[in-house]
Amino acid sequence: MSPHPIFRDDLLAGQVGIVTGGATGIGLGISTTLAQLGMHVVLASRKPENLKAAVDGIVAAGGKASAVTVDVRDQERVQAMAKEVHDAHGRIDLLVNNAAGNFYAKSETLSANAWKSVIEIDLYGTFYCTQAVFPYMKANGGGRVVSTSMTLHYRGWPLMAHATAAKAGVDALTKTLAVEWAEHGIRVNAIAPGPIPTEGVRKAFTPPPGAPVPDVFSVDKAMETWAMAAIPLKRWGTPEDIGQMVAYLASPAGDWITGSIFVIDGGEWLAKSKPAN
Ligand code: NAP
């Protein structure tokens, strides 16, 4: 729940949105925020146990949610998922492309499989899902697509050639589809979160197997020290920070916004991009 709710409770009532990777981390923050505003959220990812826990939590809090299992790399399954959601609800108002895979790896030894896996989830998956909802949004007179990008490709980020290349592709896709599908009333935007300490990010701060393992306190302290130095607004982001922007783009307030990429990062990438003095 956002500490500073600004939207009315029924802002998105009667609408249906799919959030890929919507059961964990940032995706869960997005799903929860949308459900709090009355949208029926369909959480879509691979692991039924994560999906069930997230749906149960949203429903227990008074929201409307359901789950579909899907691997976004599987185009046929993605198309079937979109049909299932439309058959069940009669509409698809919003798609949030949030599912992604990522890990640190040296480019010189990155295997073809590792490269392919991240590109397929982040970029192909985003395209497959977006293409799959198109006919339903078109038939409904419009819809919104919001894809989760990042800022690391604005400046280059060692050990993440795969993810940065994929997200650069997501940005390009966002702009192209915004223009191509505007005539159908479909708005296509992206959000670029800064550092949000999800489990994945916490793991990046954890030493690899074999290295000395700090206790939990020292991992937290290392993360806190990093955030204070690297983020001008001097705090980590939260999944709800991101959820609030998606809610805005899903709402009528965003009616004249398409093809835009919104950075939500406490000023982190700008500060990092300052020339050394
Ligand atoms: P996360 O907790 O690891 O979430 C990734 C989600 O994607 C999981 O729910 C996972 O669910 C789903 N997923 C992975 N592969 C999938 C596949 N093949 N098919 C369907 N679903 C799949 O990550 P996060 O940190 O919240 O990141 C969410 C988004 O924000 C990503 O797009 C990421 O690139 C972006 N982002 C994050 C940060 C950050 O600091 N955290 C910063 C910038 C951008 P299953 O395992 O159940 O499939």
Side-chain angles (χ1 to χ4, degrees), residues 1-22 26-44 58-59 61-66 81-82 85-99 126 129-149 170-171 173-193 237-265:
M1 162 82 103
S2 164
H4 311 293
I6 63 161
F7 302 113
R8 56 163 217 268
D9 290 348
D10 64 347
L11 183 70
L12 305 174
Q15 297 191 23
V16 176
I18 301 171
V19 184
T20 68
I26 293 174
L28 180 57
I30 295 170
S31 304
T32 305
T33 305
L34 296 171
Q36 281 164 357
L37 301 174
M39 178 175 276
H40 181 111
V41 281
V42 182
L43 282 48
I58 291 171
V59 171
K64 295 189 181 75
S66 52
M81 170 200 71
V85 174
H86 190 264
D87 286 350
H89 300 281
R91 58 192 300 139
I92 300 173
D93 300 280
L94 173 70
L95 167 69
V96 182
N97 289 303
N98 168 80
T126 294
C129 292
T130 308
Q131 192 187 46
V133 299
F134 171 79
Y136 305 111
M137 289 185 174
K138 181 182 169 191
N140 204 27
R144 283 92 66 211
V145 176
V146 180
S147 299
T148 311
S149 185
V170 168
D171 289 0
L173 196 57
T174 297
K175 293 174 188 173
T176 296
L177 295 183
V179 177
E180 203 172 318
W181 292 353
E183 67 173 301
H184 304 296
I186 301 172
R187 296 193 278 104
V188 187
N189 292 293
I191 47 172
T238 65
E240 292 72 23
D241 286 324
I242 309 305
Q244 295 291 312
M245 177 54 88
V246 176
Y248 182 88
L249 290 170
S251 81
D255 267 358
W256 210 47
I257 302 174
T258 199
S260 295
I261 300 161
F262 293 87
V263 174
I264 309 149
D265 75 338

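Of the candidates Val146, Ile191, Asn189, Ile30, Met245 forms a side-chain contact (heavy atoms from CB on, under 4.5 Å) with just one, namely Ile191. The one candidate from Thr33, Leu94, Val16 that meets the side-chain contact (heavy atoms from CB on, under 4.5 Å) condition with Met39 is Leu94. Looking at Thr20, Leu173, Val145, Thr174 one by one, the single match for side-chain contact (heavy atoms from CB on, under 4.5 Å) with Thr126 turns out to be Leu173.
Here the side chain of Asn98 pairs a donor or acceptor atom with the backbone of Gly21 at under 3.5 angstrom. When atom types are taken as modelled, the side chain of Thr258 and the backbone of Val188 share a donor-acceptor pair closer than 3.5 angstrom. Without hydrogens or angle criteria, Ser149 side chain to Asp171 main chain gives no donor-acceptor distance under 3.5 Å.
What you find for Ala250 and Leu12 is that their closest heavy atoms are O-CD2, 3.9 Å. Looking at every heavy atom in both residues, Ala44 comes nearest to Met81 through CB-SD, 3.7 Å. Across Val41 and Ala35, no two heavy atoms sit closer than the pair CG2-CB, 4.0 Å.
Residues that satisfy the side-chain contact (heavy atoms from CB on, under 4.5 Å) test with Asn140, not counting sequence neighbours, are Arg91, Asp93. Residues passing the salt bridge (charged side-chain N to carboxylate O under 4.0 Å, His left out) test with Asp241 are Arg235, sequence neighbours excluded. Not a single ring pair (Phe, Tyr, Trp, His ring centres under 6.0 Å) links Phe7 to another residue, sequence neighbours left out. In this structure Ala253 satisfies the side-chain contact (heavy atoms from CB on, under 4.5 Å) test together with Tyr248, Ser251, sequence neighbours excluded.
Residues Ser31 and Ile58 have side chains in contact (heavy-atom distance under 4.5 Å, counting atoms from C-beta outward). Between Lys64 and His89, the closest side-chain pair of non-hydrogen atoms is not below 4.5 Å. With a 4.5 Å cut-off on side-chain heavy atoms, Val246 and Val96 count as touching. Leu28 is not listed as a side-chain neighbour of Pro239, based on a closest heavy-atom distance of 4.5 Å or more.
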For this session: Begin with the C-alpha distance, continue with both residues' side-chain angles, and end with the deciding distance and a verdict on side-chain contact (heavy atoms from CB on, under 4.5 Å) for Gln244 and Ile264.
Result: CA-CA 10 Å; Gln244 295 291 312; Ile264 309 149; over 6 Å; no

For this session: Could you please spell out the steps behind the side-chain contact (heavy atoms from CB on, under 4.5 Å) verdict for Gln15 and Arg144?
Result: CA-CA 11 Å; Gln15 297 191 23; Arg144 283 92 66 211; 2.5 Å; yes

Problem set entry | Criterion side-chain contact (heavy atoms from CB on, under 4.5 Å) on Val19 and Leu34, from CA distance to verdict | CA-CA 10 Å; Val19 184; Leu34 296 171; 4.1 Å; yes

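Rounding to the nearest 0.5 angstrom, the gap separating the CZ atom in Phe262 from the CD1 atom in Ile257 is 4.5 Å. Between the CE atom in Met137 and the CG atom in Leu95 there is a gap of 5.5 Å [rounded to 0.5 Å]. Here the straight-line distance linking atom CH2 of Trp181 with atom OG1 of Thr130 works out to 6.0 Å at 0.5 Å rounding. The line from CD1 of Ile261 to OG1 of Thr148 is 12.0 Å long, rounded to the nearest 0.5 Å.
For residues 176-193, the set of pairs meeting the salt bridge (Lys or Arg N to Asp or Glu O under 4.0 Å) definition, not counting sequence neighbours, comprises Arg187-Asp255. Applying the salt bridge (Lys or Arg N to Asp or Glu O under 4.0 Å) test to pairs two or more places apart or on separate chains, those with a residue in residues 5-20 are Arg8-Asp10.
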